[in-house]
Each structure stands twice: as C-alpha cells, then as structure tokens.
Peer 1: 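Next up is a structure, given as structure tokens.
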2 protein chains.
Amino acid sequence: MTTTIKDVALASGVSIKTVSRVLNNERYVGPSTREKVLRAVAELNFRPNHAARSLAGRRSFQVALVCDNPSPAYVYAMQQGIRDRCEADGVRVLAQPYDRGSPRLLADLDALIATSGPDGVILTPPLSDNEAVLALLAARGIRFARVSPGTRPGLAPSTFIDNVAAARELTTHLIARGHRRIAHIAGSSDYATSAQRVAGYKAAHDAAGIEIDPGFVVSGRYDFASGAEAADLLLSRAEPPTAIFAGSDEMAAGALMVAHRRGLAIPGDVAIAGFGDDALASYVWPPLTTMRQPVRELAWNAADLLLGDAEADEQRELAHALVVRAST
Amino acid sequence: MTTTIKDVALASGVSIKTVSRVLNNERYVGPSTREKVLRAVAELNFRPNHAARSLAGRRSFQVALVCDNPSPAYVYAMQQGIRDRCEADGVRVLAQPYDRGSPRLLADLDALIATSGPDGVILTPPLSDNEAVLALLAARGIRFARVSPGTRPGLAPSTFIDNVAAARELTTHLIARGHRRIAHIAGSSDYATSAQRVAGYKAAHDAAGIEIDPGFVVSGRYDFASGAEAADLLLSRAEPPTAIFAGSDEMAAGALMVAHRRGLAIPGDVAIAGFGDDALASYVWPPLTTMRQPVRELAWNAADLLLGDAEADEQRELAHALVVRAST
DNA sequence: CTGAAAGCGCTTACAG
DNA sequence: CTGAAAGCGCTTACAG
C-alpha cells in the first residue's frame with residue numbers, strides 16, 4: 001500500500017537504519033550509498049510517515065503558535081511568517097486560538113503539550129507576558145520564543161520592534177504637522193506594547209515641550225469597536241483633539257468611522273493615525289498614516305530562533321517605518 | 001516522565017487494552033471498570049499521545065484545509081469554522097496555504113497525504129473544482145468535502161449558499177433604488193462563484209426588463225487592487241454606471257477607494273455594493289451594502305460532513321442575507 | 001561507514 | 001466483558 005522505509009531499504013539494498021541516516025542527513029554515509037538511497041526514495045516517491053517519526057524520535061516536528069489576539073489580520077500574518085520558516089525544515093505549525101480570559105487556558109495548553117509535544121512554542125502578546133503560561137512552559141521543558149515581550153527580556157529568545165521609538169516618531173510626525181492637541185487611544189493593558197506606545201507618545205510631547213491634556217489618553221482593546229468608542233469620547237469633549245493616534249490600525253479605522261459620522265473632514269478637522277500598517281490601513285478612506293510593524297517578519301524570526309541554533313536568549317529587533325498617507 | 005497508557009493501566013488494575021477501550025468509548029466495558037479507569041485518567045492527568053494513536057490506529061485525527069484564496073479574512077474564517085467543529089472530536093486542523101498556479105501544487109498535496117494521512121480534506125474555491133486535485137484525492141482514497149463547488153455536485157458532500165439567488169437579490173435591491181446602469185465586477189474565472197454571481201446579476205436585469213450595457217461586466221481577481229482597477233475602468237467610461245456591484249467586499253472596497261479619489265459622492269454619484277459581509281464591509285466609509293455569506297458556518301458544516309455520519313453526497317445549502325448599509 | 005535489535009505509545013486483530 | 005500478543009513506521013542506543 002503506502003511505501004515505507006522498508007521498501008526503500010529493499011530497493012536500495014541497504015538496511016532501514018541507513019535509509020534513516022540519509023533521510024536525516026546524518027554523517028558517515030558513503031557517497032555512493034547515499035546516492036543509491038536517494039534514487040530509491042525518488043523512484044518510490046517515498047515520504048516518511050510523520051506520526052512514526054514523532055513517536056520514535058524525540059522530536060514532534062511541530063511548532064505551536066499560542067496567541068490570543070483580536071485581529072485576524074495579525075494572527076494570519078503570524079501564521080504565515082511562522083509557516084514560511086518552518087516549511088523549510090519540514091516542521092508543521094499548530095495554530096489553535098487561545099482565550100486568555102478562559103479558565104481553561106492552562107489546561108488547553110497543557111493538553112496540547114501532552115498530546116502533541118511541540119518542539120517549540122511561539123508566544124504573541126499578550127500571552128508572551130503571561131506568567132502562568134511562561135511557568136507552564138518552563139515546567140514542561142518546552143522551548144519557546146516570544147514576540148514583543150514586555151517583561152523579563154532575557155527569559156527566552158524574542159523578536160520585537162522598538163515600540164517606544166516607533167510611537168515617538170509617529171507622534172513627532174503629528175507635531176510636525178502643527179498639531180498640539182493630540183490624543184492617544186491605547187490598546188489593552190495586558191499588552192506590553194500598549195504601555196510602550198503610550199510611553200513613546202509621551203516622549204514626543206516631552207521632547208517638544210508640549211503638555212498633554214489629561215483626558216487625552218484613553219484606552220481601547222486594539223479592535224475596531226473600541227477605537228470607535230474611544231474616538232466618540234474624545235470628539236465629544238468641549239475641547240476635542242485635532243489629531244488622534246490610535247495604537248492599532250483597527251482602532252484608527254474605528255476612529256475614522258466616527259469622524260465620518262460626525263461629518264468631520266480628515267485630516268482637516270481631525271487627523272487620524274494608526275499603528276501596524278495592516279492591509280486595512282490602505283483600504284479605508286482616507287488611507288491611514290501609520291507605523292509599519294513587520295508582523296510576518298517578526299513571526300519568521302521567532303520561528304527561526306526556535307529552529308535555528310540561536311543563543312538561548314537572543315533578541316532580534318526589527319525595523320519599523322513611518323508610512324505617511326492622506327489621513328494626517 | 002510523561003504518563004502513558006501503561007501508567008493508567010497499572011493505577012486502575014486493568015490491561016492497557018481496557019484503558020484503550022475506555023478512552024475510545026468502545027462498548028463492552030463494565031461500568032465499574034470504566035469508572036476506575038476514568039478516575040485514574042483524571043488523577044494522573046493522562047492525555048493519549050497523538051503520534052502513537054495515529055501510527056497504531058487507522059486514523060490520523062487530522063483534517064486538512066486545502067485552499068488558495070486571496071482574502072486572509074476568508075481563509076481565517078474558514079479555519080475558525082473548521083476548528084470549531086473539529087475540536088469537539090479531538091481532531092487537529094492542518095492549514096497550509098496552497099498556490100493553484102504552482103507546478104508543485106499536486107506534489108505538495110501528495111506529500112501532505114503521504115506524511116500526515118489526513119482523515120479528511122476540505123476544499124475551498126477555486127480548488128473545490130480543480131480536477132487534478134479531485135483526481136488525486138480520489139486516487140489516494142481520501143474523503144473530502146467541498147465548499148461552494150461549481151461542477152459535479154454529487155461527487156462529494158458540500159456546503160454552499162445560493163450564489164445566483166444572492167447576487168440576484170443584491171442586484172434587485174440596486175434596481176429598486178432606481179439604478180438602471182449597474183456594473184458588475186466579477187471574481188476570478190476559476191471560481192465557480194464568479195460565474196454564479198454574474199448569472200444572478202443578469203437574472204435580476206432580465207426580470208426587470210433592463211438591458212445590460214455590454215461593457216458593464218468586468219473581471220477582477222476578488223482582491224482590493226483588482227476592484228480598484230476595474231472601478232477605474234468603469235468610471236472612466238463616457239457613460240459610467242450609477243451603481244457598481246462587486247463580487248467581493250475587498251473588490252468593493254477597492255471601488256470605493258477609486259470613487260473617493262475621483263471625488264464622487266457615495267451613493268449619490270455612484271452606489272457601491274459588495275459580497276460577503278467581511279468585517280471590512282463595516283470598516284470602510286460609507287459602510288458597504290453587501291450580501292452576507294456565512295463563511296464560518298460553511299466551514300463548520302463542511303467539517304461536520306467529514307466527521308459526522310453524513311451521506312456520501314450530502315449537500316448543505318446555507319442561508320444568505322442582504323445587508324443594506326449606507327453605500328447604496 | 002553500516003546493521004540487527006529494541007522500543008516509542010498506542011490500536012488492531014484474535015482469544016477467551 | 002477483558003487481556004496477551006503483534007505491529008504501526010520510524011529512531012535510538014549499541015555493536016561491529
């Protein structure tokens with residue numbers, strides 16, 4: 001029926017152990033032997049059974065993406081970046097969604113580890129700073145990489161952008177455009193990135209010697225609806241902001257919607273900027289000024305840290321880039 | 001180290017075979033025996049090893065989503081729907097992206113089957129009508145379900161909406177709004193849904209006795225950029241349409257962008273409608289009138305057809321719904 | 001450089 | 001209703 005390593009061994013006149021060596025690129029295989037085996041593999045169109053390799057070996061050839069994020073675009077880009085890197089090594093990606101609010105979070109993750117024993121786990125915000133999750137992975141001895149962590153930088157390899165600098169640059173852009181009353185819609189408080197972006201927003205004001213209206217920093221949950229709510233609040237003020245910098249493109253799109261509903265001209269009456277440069281940023285009207293965050297690359301590198309031979313605590317900072325469009 | 005079925009057998013004083021019976025809900029296990037085993041399972045927090053089950057059994061406990069679609073929102077919703085259903089059965093979802101234009105498409109799929117032997121495959125457009133893919137699955141004896149197929153309806157279980165009726169209703173809505181010059185941006189030609197939606201668009205005109213301008217049906221590729229290009233073409237005509245019905249929300253968003261750039265009022269100068277009711281439809285300005293396509297439910301049902309005991313050729317038609325918003 | 005044996009943790013026949 | 005044996009298709013020690 002299905003061709004196995006035995007068939008290849010038979011066809012090439014060697015033992016299955018030698019076939020295994022060739023398949024796994026081990027050393028100490030004679031060049032002619034290797035060639036014979038490879039020819040048989042090609043002729044029989046042999047593909048090693050994944051379950052058997054996992055069971056017999058110590059590796060599962062699987063990496064799990066553990067994330068709980070409100071943005072499908074973010075999650076999908078993460079998946080793609082991780083797959084891009086894992087495919088090269090013949091590693092599968094397990095991508096179940098998790099719910100950080102669920103009492104089952106830890107049990108679900110523990111079940112995943114017990115049943116599938118992933119070779120590595122990639123954590124994205126806010127789970128990359130979730131102490132219970134970190135403790136569980138440590139207890140189970142599972143390697144992991146973190147995307148955009150906020151706490152304990154040396155704990156594990158991680159990838160990130162400089163969120164403080166990025167938010168500072170974006171805010172500075174708004175100040176350069178002449179704005180003095182700039183509001184900020186922050187993301188969920190359990191995301192380290194939220195506080196980092198608030199810090200950058202404040203740093204830009206400090207540098208320019210501009211005082212921030214105490215009511216101008218409001219919090220959202222990184223999604224469209226919360227961006228709309230927050231913008232409604234801001235624009236209802238007696239002295240509304242002339243610019244709104246949202247901590248995500250989805251929230252910025254929500255703010256944009258509210259501005260349109262109120263009949264405001266953008267950027268004439270209110271300028272709006274986002275963060276991320278999701279596809280959405282280019283799809284709305286006017287297109288959003290935003291800060292490009294290379295999600296797919298953050299993911300690719302996180303997978304690379306797991307699969308390659310990176311230092312145990314290697315940190316990779318990727319470049320961000322201001323993208324100025326018509327909304328500011 | 002890790003607790004195995006042997007530990008459970010030892011702790012409950014039965015053979016591993018009996019533990020296996022309990023785990024798999026087989027009949028002929030004494031109630032007291034079952035209880036003893038379940039208690040040991042709970043106490044030891046035992047979770048069966050996935051690789052071992054796959055290898056020993058005839059099932060892989062995995063379902064593969066095989067799709068090649070330009071919309072991350074669509075793909076992600078598909079994943080979610082399939083996971084929702086599979087999770088209940090402890091089945092994993094394999095979701096690699098495929099490229100229908102790639103010469104490696106069949107080899108990649110064949111490799112997936114050889115290495116992972118999925119219990120079932122879910123095909124989405126345009127691959128649900130790809131003859132080479134269908135032939136491969138048949139040759140390998142893999143069960144599959146199709147989402148929105150266009151050809152050979154009885155070949156396999158499938159889920160879909162009535163695209164012809166849906167497009168007809170949407171077009172009729174535009175006619176009811178007083179439009180007589182309605183253009184249509186069709187999706188990629190290898191999607192059965194594209195032709196179905198064109199047919200519905202035409203049927204509505206026929207029913208109303210309105211003749212369609214020959215240049216009013218243009219084709220896109222279901223994505224934002226192609227929608228923008230097509231709209232540019234349409235709005236450049238000497239006698240432009242007063243309404244544009246795009247075969248997807250992304251294309252409608254592209255058309256919206258072009259209309260804004262040209263300084264047109266929406267829907268005053270040109271009405272724009274989409275198809276799908278993606279999140280995007282509510283995020284753009286003005287919010288899009290569109291036809292709701294329950295992607296997640298289509299996916300859930302496709303998985304249900306695979307995992308449940310559905311007839312070999314069961315067809316499930318799900319409901320669509322017109323969503324009227326400010327763009328028309 | 002190569003191979004025979006044992007075993008990964010389960011399930012499938014086959015007995016009783 | 002329950003169990004002892006064999007085996008799924010690989011890899012890990014261990015020899016040579």
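What you see below is based on every heavy atom in this structure, not just the backbone, and it leaves out hydrogens, waters and symmetry mates. So you know, we letter chains A, B, ... as the sequences are listed, proteins then strands, and number each from 1. Note that the structure is a prediction, hence the values are computed from the model and not measured.
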Peer 1: Going by atom types only, do B:R92 and B:Q62 share a side-chain donor-acceptor pair under 3.5 Å?
Peer 2: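 Per modelled atom types, B:R92 and B:Q62 side chains form no pair under 3.5 Å.
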Peer 1: How many whole angstroms separate atom CG of A:D7 from atom P of D:dC8?
Peer 2: 12 Å
Peer 1: In this structure, how many angstroms lie between the P atom of D:dA4 and the CG atom of B:L10, rounded?
Peer 2: 13 Å
Peer 1: With a 4.0 Å limit, can you tell me whether B:S54 has a side-chain N or O closer than that to the phosphate oxygens OP1/OP2 of C:dC10?
Peer 2: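 Checking C:dC10 against B:S54, no side-chain N or O comes under 4.0 Å of OP1 or OP2.
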Peer 1: Walk me through whether B:R152 and B:E131 qualify under salt bridge (Lys or Arg N to Asp or Glu O under 4.0 Å).
Peer 2: CA-CA 10 Å; B:R152 303 207 270 156; B:E131 284 299 329; 2.7 Å; yes
Peer 1: Can you work out whether A:R21 or B:F46 has the more 5'-proximal nearest nucleotide on DNA chain C?
Peer 2: A:R21
Peer 1: Closer than 4.0 Å, any side-chain N/O of A:S15 to the OP1 or OP2 of C:dG3?
Peer 2: yes
Peer 1: So, does B:S20 get its side chain near the phosphate of C:dC10, meaning an N or O under 4.0 Å from OP1 or OP2?
Peer 2: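 No, because none of the side-chain N or O atoms of B:S20 sits under 4.0 Å from OP1 or OP2 of C:dC10.
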Peer 1: Closest to the A:V29 side chain: C:dT2, D:dG3, C:dT11?
Peer 2: C:dT2
Peer 1: Taking only side-chain nitrogens and oxygens of A:N49, does any of them come within less than 4.0 Å of OP1 or OP2 of D:dC8?
Peer 2: no
Peer 1: Could you check if a side-chain atom of B:V14 sits within less than 4.5 angstrom of a side-chain atom of B:V8, using non-hydrogen atoms only?
Peer 2: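 A side-chain contact under 4.5 Å is absent here.
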Peer 1: Rounded to the nearest Å, what distance is computed from the CG atom of residue B:L55 to the P atom of nucleotide D:dA6?
Peer 2: 18 Å
Peer 1: Atom NZ of B:K17 to atom P of D:dG7: distance rounded to whole Å?
Peer 2: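 Whole-Å distance recorded here is 16 Å.
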Peer 1: Could you state the atom-to-atom distance from NZ of A:K36 to C1' of C:dT2 in whole Å?
Peer 2: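 Roughly 11 Å, once rounded to whole Å.
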Peer 1: Using Watson-Crick or G-U wobble geometry with both distances under 3.5 Å, which nucleotide pairs with C:dA15?
Peer 2: D:dT2
Peer 1: Could you tell me how far apart A:I16 (CD1) and D:dC8 (P) are, to the nearest whole angstrom?
Peer 2: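 Between P of D:dC8 and CD1 of A:I16: 11 Å.
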Peer 1: Report yes or no: is the cationic atom of B:R53 (NZ for Lys, CZ for Arg) under 6.0 Å from the centre of the six-membered ring of B:F61, at an angle within 45° of the ring normal?
Peer 2: yes
Peer 1: Let's see if you can work this out: which of D:dC10, C:dT11, D:dT2 has an atom nearest to the side-chain heavy atoms of B:N24?
Peer 2: C:dT11
Peer 1: What distance do A:L105 atom CG and A:L127 atom CG have between them, rounded to the nearest 0.5 Å?
Peer 2: 6.0 Å
Peer 1: Could you tell me how far apart A:L23 (CG) and D:dG9 (C1') are, to the nearest whole angstrom?
Peer 2: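 My rounded result for the distance is 12 Å.
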Peer 1: Starting at the 5' end of DNA chain D and moving along, which residue's nearest nucleotide shows up first, B:A56 or A:R53?
Peer 2: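 The residue closer to the strand's 5' end, by nearest nucleotide, is B:A56.
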Peer 1: Which whole-number value in Å describes the distance from A:H50 NE2 to C:dC10 P?
Peer 2: 17 Å
